[in-house]
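For reference, positions follow the sequence shown, starting with 1.
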Amino acid sequence: METSLYEQVGGDTFFVRLVDAFYAEVENDEILRPMYPEELDDSKRHLSLFLIQYWGGPRTYQEERGHPRLRMRHAPFRVTKRARDAWLDAMNAALAMVRDELSNEQFDELRSYFDMVAHQLRNV
Ligand code: HEM
């Protein structure tokens, strides 16, 4: 059986670090920061659990939050082209910080995944 990307990158800690780096960018972004709650701990937890589940790790996200339904969950927010690009810039900066832990293939896989989903989530 093929090992999941989750296992290949070393499990939870990789995704927690990626998400921490992502939210450090969000905190300094004038388009994104106002969209998120003041306290970011829950947001961090939800995104890391989601990614852990998506990439083949434990399904804690589903247990805690139910089916992901990402488009529905983003419906309350105005995901404009600018917001989408800001989100992707923040995630790409976060990916750059863990770049040396990833093979080219893993890096490309993560980048294209985020790019694809962010494009799907634009709703304005
Ligand atoms: C396109 C630009 C995006 C914007 C502006 C955006 C913004 C947001 C905001 C404001 C929240 C609510 C935060 C909270 O309640 O704590 C959220 C939640 C979330 N976002 Fe995004 N997001 C974007 C793209 C993405 C992408 C590409 C993914 C996944 C690859 C994603 C995954 C999630 C998840 C898993 C949650 C938590 C859902 C839950 O409540 O369980 N988002 N997003």
Side-chain angles (χ1 to χ4, degrees):
M1 248 180 52
E2 236 181 274
T3 49
S4 63
L5 187 129
Y6 171 82
E7 283 173 274
Q8 291 169 31
V9 299
D12 288 13
T13 96
F14 172 82
F15 292 98
V16 171
R17 281 181 291 119
L18 178 67
V19 166
D20 277 345
F22 169 75
Y23 277 103
E25 298 295 318
V26 168
E27 291 203 68
N28 294 315
D29 188 287
E30 58 185 31
I31 300 169
L32 296 177
R33 187 64 190 91
M35 298 175 79
Y36 286 87
E38 198 162 323
E39 169 58 59
L40 290 172
D41 285 357
D42 285 348
S43 308
K44 286 183 190 174
R45 179 172 166 82
H46 298 155
L47 183 57
S48 10
L49 287 179
F50 170 81
L51 293 173
I52 285 166
Q53 171 170 313
Y54 179 84
W55 291 101
R59 303 188 61 78
T60 317
Y61 178 86
Q62 180 104 10
E63 280 161 30
E64 285 191 12
R65 308 290 295 162
H67 192 280
R69 296 170 189 268
L70 285 187
R71 255 195 87 82
M72 188 200 78
R73 288 189 203 268
H74 288 78
F77 311 107
R78 285 177 54 81
V79 184
T80 59
K81 183 175 181 300
R82 273 183 87 204
R84 177 198 71 200
D85 291 347
W87 195 101
L88 274 175
D89 284 350
M91 187 51 83
N92 286 332
L95 276 172
M97 285 183 223
V98 294
R99 177 67 188 92
D100 57 354
E101 301 172 42
L102 300 168
S103 69
N104 291 338
E105 202 182 27
Q106 292 161 346
F107 179 73
D108 290 347
E109 212 179 333
L110 286 162
R111 262 191 80 116
S112 12
Y113 166 74
F114 287 124
D115 195 67
M116 179 192 73
V117 181
H119 278 74
Q120 287 168 358
L121 292 180
R122 179 178 170 190
N123 58 18
V124 182

Examine distances only and state if a side-chain atom of Asn123 and a backbone atom of His74 form a donor-acceptor pair shorter than 3.5 Å.
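At least one qualifying donor-acceptor pair exists.
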What's the spacing between Thr60 OG1 and Arg65 CZ if we round to 0.5 Å?
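Rounded to the nearest 0.5 Å, the OG1-CZ separation comes to 13.0 Å.
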Enter the distance from Asp89:CG to Phe22:CZ here, rounded to the nearest 0.5 Å.
10.5 Å
If the condition is side-chain contact (heavy atoms from CB on, under 4.5 Å), which residues does Ser103 pass it with, not counting sequence neighbours?
Glu105, Gln106
Sequence-distant partners of [X], side-chain hydrogen bond (donor to acceptor under 3.5 Å, both in side chains), two or more places apart:
X	value
Glu101	Arg17
Asp100	none
Tyr6	Asp12
Glu7	Ser4

What residues form a salt bridge (Lys or Arg N to Asp or Glu O under 4.0 Å) with [X], not counting sequence neighbours?
X	result
Asp115	none
Glu63	none
Arg111	none
Arg84	none

Which pair of heavy atoms, one from [X] and one from [Y], lies closest together, and at what distance?
X	Y	answer
Met91	Phe114	CG-CD1, 3.5 Å
Leu88	Ala118	CG-CB, 3.7 Å
Ala83	Ile31	CA-CG2, 4.0 Å

Any chance you could lay out the side chain to side chain contact (heavy atoms under 4.5 Å, CB included) test for Glu25 and Met97, step after step, and finish with the verdict?
CA-CA 11 Å; Glu25 298 295 318; Met97 285 183 223; 3.5 Å; yes
Are the side chains of [X] and [Y] in touch, meaning some heavy atoms are under 4.5 Å apart?
X	Y	answer
Arg45	Val19	no
Leu5	Phe15	yes
Phe14	Leu102	yes
Val16	Thr13	no

Does [X] share a hydrophobic cluster with [Y], counting links as ILVMFWY side-chain heavy atoms below 4.5 Å and allowing steps through other members?
X	Y	answer
Tyr61	Val117	yes
Val9	Val98	yes
Leu110	Met116	yes

If a pair satisfies salt bridge (charged side-chain N to carboxylate O under 4.0 Å, His left out) and one of its residues is in residues 66-82, list it, with sequence neighbours excluded.
Lys81-Asp85
Only distances under 3.5 Å count here; give the side-chain donor-acceptor pairs of residues 48-58 to other protein atoms, sequence neighbours excluded, each with its distance to 0.1 Å.
unit_1 : atom_1 : unit_2 : atom_2 : d
Ser48  : OG     : Lys44  : O      : 2.6
Gln53  : OE1    : Gln62  : N      : 2.9
Gln53  : NE2    : Gln62  : OE1    : 3.4

Taking distance alone, no hydrogens or angles, what donor-acceptor pairs closer than 3.5 Å link side-chain atoms of residues 34-43 to residues at least two apart or in another chain?
unit_1 : atom_1 : unit_2 : atom_2 : d
Tyr36  : OH     : Trp87  : NE1    : 3.4
Glu39  : OE2    : Asp41  : N      : 3.1

